[in-house]
Amino acid sequence: MTNMIVIAELSKGSIHPSTAELVTAAHAFGGEPILVVPCTDASIADSVQSLSGVSKIIAVKSDVFDGNDSSGWASALDSALPSGTVLCLATTRSKDVAARLAARRNISVVQDVIRIDGSNLTSPIYSGKANQTVSVSGEAVITVRANVFDAVGNDGTCDVSVVDASGDVKTAVQEIMQRASTRLDVSEANIVISGGRGMGSPANFAHLEAVADTIGAAVGASRAAVDTWAEIPHSMQVGQTGKTVNPNLYIAVGISGAIQHLAGMRSSKYIVAINKDADAAIFQHADYGIVASWEEALPVFQEALSAMLG
Amino acid sequence: MIQMPTIVVLVKQVPDTNAKIVVQGDRVDLSSVKMVMSPYDEFAIETAIRHKEATDGTVTALTVGGPGSEKILKDAKAIGVDNIVRVWDDSWSELDSNALQSILSETIQTMGATVVYCGKSAADTGAGSTGPGLAERLGWGNASNVIGAEFTDSVVVSMPVESGVAKISVALPAVISCDKGDFKVRKPNVKGIMMAKKAKVELLSATAPSSSINIASHSMPPAKPAGKTFEGGASASQVAQLLRDEANVL
Ligand SMILES: Cc1cc2nc3c(=O)[nH]c(=O)nc-3n(C[C@H](O)[C@H](O)[C@H](O)COP(=O)(O)OP(=O)(O)OC[C@H]3O[C@@H](n4cnc5c(N)ncnc54)[C@H](O)[C@@H]3O)c2cc1C
Ligand SMILES: Nc1ncnc2c1ncn2[C@@H]1O[C@H](COP(=O)(O)O)[C@@H](O)[C@H]1O
């Protein structure tokens with residue numbers, strides 16, 4: 001049996017809760033993993049010491065983890081990690097790092113895994129229109145989708161050992177043009193509320209923002225909304241040529257449910273649709289469908305949510 | 001003096017993204033599906049041609065695939081690339097990421113490329129492994145999800161990050177994976193199409209390690225259990241309750 005290694009996901013300088021899901025995924029593959037924490041300050045590893053079923057925690061310290069250069073990440077991790085099968089979260093940065101780490105070790109990478117059954121791994125292909133199961137022989141690097149595996153329990157006690165590593169950085173950030181709004185990005189949010197052409201005008205997205213503020217959601221859009229209204233930036237677009245999101249809850253308002261839109265959000269855990277056309281395709285994918293105009297439904301929804309959470 | 005770059009753009013043939021995908025037995029049946037160039041590769045071609053226009057040099061479109069994939073190379077030629085190359089060996093079938101990237105890296109080293117453009121992910125795999133993996137094998141830098149580029153003796157790319165859009169300078173040689181940018185991709189014109197008809201595809205081979213990842217089966221995603229549908233705006237308060245009490249997502 002080769003080593004199982006889980007790389008903790010970093011988010012804004014601390015450890016992302018989905019790291020606990022990766023430990024469960026490692027157990028499904030077979031074996032108690034070594035948990036590797038990339039960091040600039042090893043004390044962030046304290047927060048994962050209690051995760052159950054972890055054999056060892058290694059905090060890998062390097063300045064490269066402060067930035068986004070995947071080359072630096074991969075070289076620093078490679079030098080500090082034993083050989084074995086590596087699991088990390090399927091986020092934009094980690095997918096890049098996973099691909100580089102696999103290439104460095106001349107092994108293969110399997111991205112976006114949603115099911116693990118021993119060494120059989122299942123991922124969506126053709127934008128989620130089918131699933132592919134592959135069998136892995138030998139070591140591999142695997143990225144796992146967030147919100148798919150249950151988080152492992154919290155009754156462990158594991159010591160942290162610290163390793164210093166350096167990495168070779170190949171790109172340099174010149175400037176960052178701040179997002180005009182301070183709103184959450186759809187690809188980072190646990191809840192997304194998106195508007196489509198049915199919103200009628202970009203000004204009406206304010207109603208979606210109000211709901212988003214109540215429930216801590218990000219606001220997304222269909223391509224029709226992005227293409228029709230200059231005020232709705234492409235960064236909000238969900239779908240085949242926009243972002244792929246996988247939140248716990250996706251709320252589609254005035255969106256018909258075209259296949260290219262579904263490609264970006266169909267794997268959301270729960271889907272709510274508000275549409276005035278009872279035959280809209282989106283209802284076939286919704287857990288909760290509301291056949292009504294948004295003008296009627298959103299104020300009621302907003303009030304109920306405020307009462308519940310306010 | 002800026003050296004004229006040898007620009008390579010990777011293109012892959014995939015099923016039309018509008019096509020219905022069916023599974024026969026335990027494999028996807030693509031026999032009646034139209035095959036096209038993977039959509040993000042069109043942005044990679046556009047960016048590669050803009051790089052050439054800014055600095056001179058040549059653009060070569062490269063695919064790893066069977067004879068059927070020559071069509072997308074002709075499409076690339078019609079859009080304006082200079083050379084078209086297909087790499088294949090009849091002993092290859094399903095290449096895993098390690099095998100594909102080894103083939104690409106060997107070929108690109110032979111070509112002496114200065115920069116490689118590719119799609120951020122292929123429409124079939126959705127993986128996004130090829131750009132960063134290839135860069136690692138070549139010992140080059142890379143940038144992913146690129147939505148715009150400026151060309152000097154390095155390439156300055158724009159890409160979305162947590163706090164907005166970052167401009168990042170990538171020293172050459174490098175691999176740049178392209179997302180849909182805020183610009184139009186050029187379409188082939190009549191002259192381009194005529195030239196593409198006559199263009200010759202250069203056929204190369206390479207060595208490939210055997211795959212350690214084997215496709216066991218394809219399946220349709222399990223159908224979602226039918227959802228609940230409510231009529232009228234007033235039902236929205238009931239849905240809010242269900243989201244908290246039944247779905248536990250609030
Ligand atoms: C290559 C390609 C890539 C694409 N990529 C994407 C992508 O990434 N993302 C994407 O979203 N699309 C994408 N599309 C476009 C996609 O095919 C659809 O055209 C698009 O998703 C439709 O957006 P929509 O649902 O907002 O608009 P429409 O299809 O026009 O639907 C509007 C909906 O609003 C409803 N409505 C109207 N008024 C109201 C009201 N007052 N209250 C409630 N409901 C109302 C209507 O009943 C209708 O169902 C792509 C297409 C192609 C060809
Ligand atoms: N067989 C192939 N031949 C040429 N380029 C490829 C091939 N497979 C993938 N690519 C390139 O790599 C990109 C990302 O593919 P993937 O890593 O499979 O998501 C594609 O958009 C292509 O530009």
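Because the structure is a prediction, the values reported are computed rather than measured. Chain identifiers are assigned alphabetically (A, B, ...) following the order of the sequence lines, protein sequences preceding nucleic acid strands; residue numbering begins at 1 within each chain.
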With respect to chain A, which residue among [options] yields the maximal number of heavy-atom pairs within a distance under 4.5 Å?
options: B:S158, B:G131, B:A226, B:G133; answer: B:G133
options: B:A99, B:G227, B:A166, B:S212; answer: B:S212
options: B:V239, B:V170, B:N248; answer: B:V239
options: B:S237, B:S105, B:S217; answer: B:S217
options: B:P160, B:A135, B:A174, B:S177; answer: B:A135
options: B:M220, B:E94, B:R137, B:Q241; answer: B:R137

Item checked: side-chain contact (heavy atoms from CB on, under 4.5 Å) against A:H207, all qualifying residues, sequence neighbours excluded ->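 Only A:N204, A:W294, A:L298 meet the side-chain contact (heavy atoms from CB on, under 4.5 Å) criterion with A:H207.
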Item checked: Which residues share a side-chain contact (heavy atoms from CB on, under 4.5 Å) with A:T214, sequence neighbours left out ->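 Checked A:T214 against side-chain contact (heavy atoms from CB on, under 4.5 Å); matches are A:Q302, A:L305, A:S306.
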Donor-acceptor side-chain pairing of [X] and [Y] below 3.5 angstrom:
X: B:S97; Y: A:S108; answer: yes
X: A:Q240; Y: B:T17; answer: yes
X: A:Y288; Y: B:Q238; answer: no

Top of [options] for chain B proximity - count of heavy-atom pairs under 4.5 angstrom:
options: A:Q111, A:R100, A:K170; value: A:R100
options: A:V136, A:L309, A:T241; value: A:T241
options: A:A304, A:A273, A:S70, A:A297; value: A:A297
options: A:T133, A:T171, A:L249; value: A:T133
options: A:R104, A:E296, A:Q284; value: A:R104
options: A:A292, A:A90, A:S137; value: A:S137

Side chain, backbone, both or neither of [X] within contact of chain A (heavy atoms, under 4.5 Å):
X: B:V157; value: neither
X: B:A247; value: both
X: B:N18; value: both
X: B:E231; value: both
X: B:T125; value: backbone
X: B:P221; value: both
X: B:A234; value: backbone

If you compare all heavy atoms of [X] against all heavy atoms of [Y], which two are closest, and at what distance to 0.1 Å?
X: B:Y40; Y: A:G242; value: OH-O, 4.2 Å
X: A:I290; Y: B:G232; value: CG2-O, 3.7 Å
X: B:G126; Y: A:D112; value: O-OD2, 4.0 Å

Notebook entry, point to check: Counting only N and O atoms by type, is there a donor-acceptor contact under 3.5 Å from the side chain of A:N131 to the main-chain atoms of B:S219?
Noted result: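 Not confirmed, A:N131 side chain does not pair with B:S219 backbone.
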Heavy-atom cut-off 4.5 Å, strictly under: side chain, backbone, both or neither for [X] against chain B?
X: A:K276; value: neither
X: A:A130; value: both
X: A:S119; value: neither
X: A:P247; value: neither
X: A:Q237; value: neither
X: A:I107; value: backbone
X: A:V272; value: side chain

Next item on the list: Would you indicate whether A:Q260, at its atom CD, is surrounded by more than 12 heavy atoms from other residues, nucleotides or ligands within a distance under 6.0 Å?
Entry: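 Yes, because the 6.0 Å sphere around CD of A:Q260 holds more than 12 heavy atoms from other groups.
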Next item on the list: Kindly check if the number of other-residue, nucleotide or ligand heavy atoms within 6.0 Å of CZ (B:R50) is above 12?
Entry: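 Above 12, so yes.
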Please report the interatomic distance [atom1]([X]) to [atom2]([Y]), rounded to the nearest 0.5 Å.
X: A:Q174; Y: B:K167; atom1: CD; atom2: NZ; result: 8.5 Å
X: B:E136; Y: A:D78; atom1: CD; atom2: CG; result: 8.0 Å
X: B:M159; Y: A:I176; atom1: CE; atom2: CD1; result: 10.0 Å
X: A:Y270; Y: B:E246; atom1: OH; atom2: CD; result: 7.0 Å
X: B:N98; Y: A:R105; atom1: CG; atom2: CZ; result: 13.5 Å
X: B:L243; Y: A:N248; atom1: CG; atom2: CG; result: 11.0 Å

Close side-chain approach of [X] to [Y], heavy-atom, < 4.5 Å:
X: B:I215; Y: A:Q132; value: yes
X: A:M308; Y: B:L250; value: yes
X: A:S127; Y: B:D124; value: no
X: B:P15; Y: A:Y126; value: yes
X: B:I213; Y: A:V110; value: yes

Next item on the list: With a 4.5 Å heavy-atom cut-off (strictly below), which parts of residues 138-148 of chain B touch chain A? List them by number.
Entry: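 Checking residues 138-148 of chain B against chain A gives B:G139, B:W140, B:G141, B:N142, B:S144, B:N145.
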Check: Which residues in residues 19-33 of chain B have a heavy atom less than 4.5 Å from any heavy atom of chain A?
Finding: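 At a heavy-atom separation under 4.5 Å, chain A is reached by B:A19, B:I21, B:V28, B:L30.
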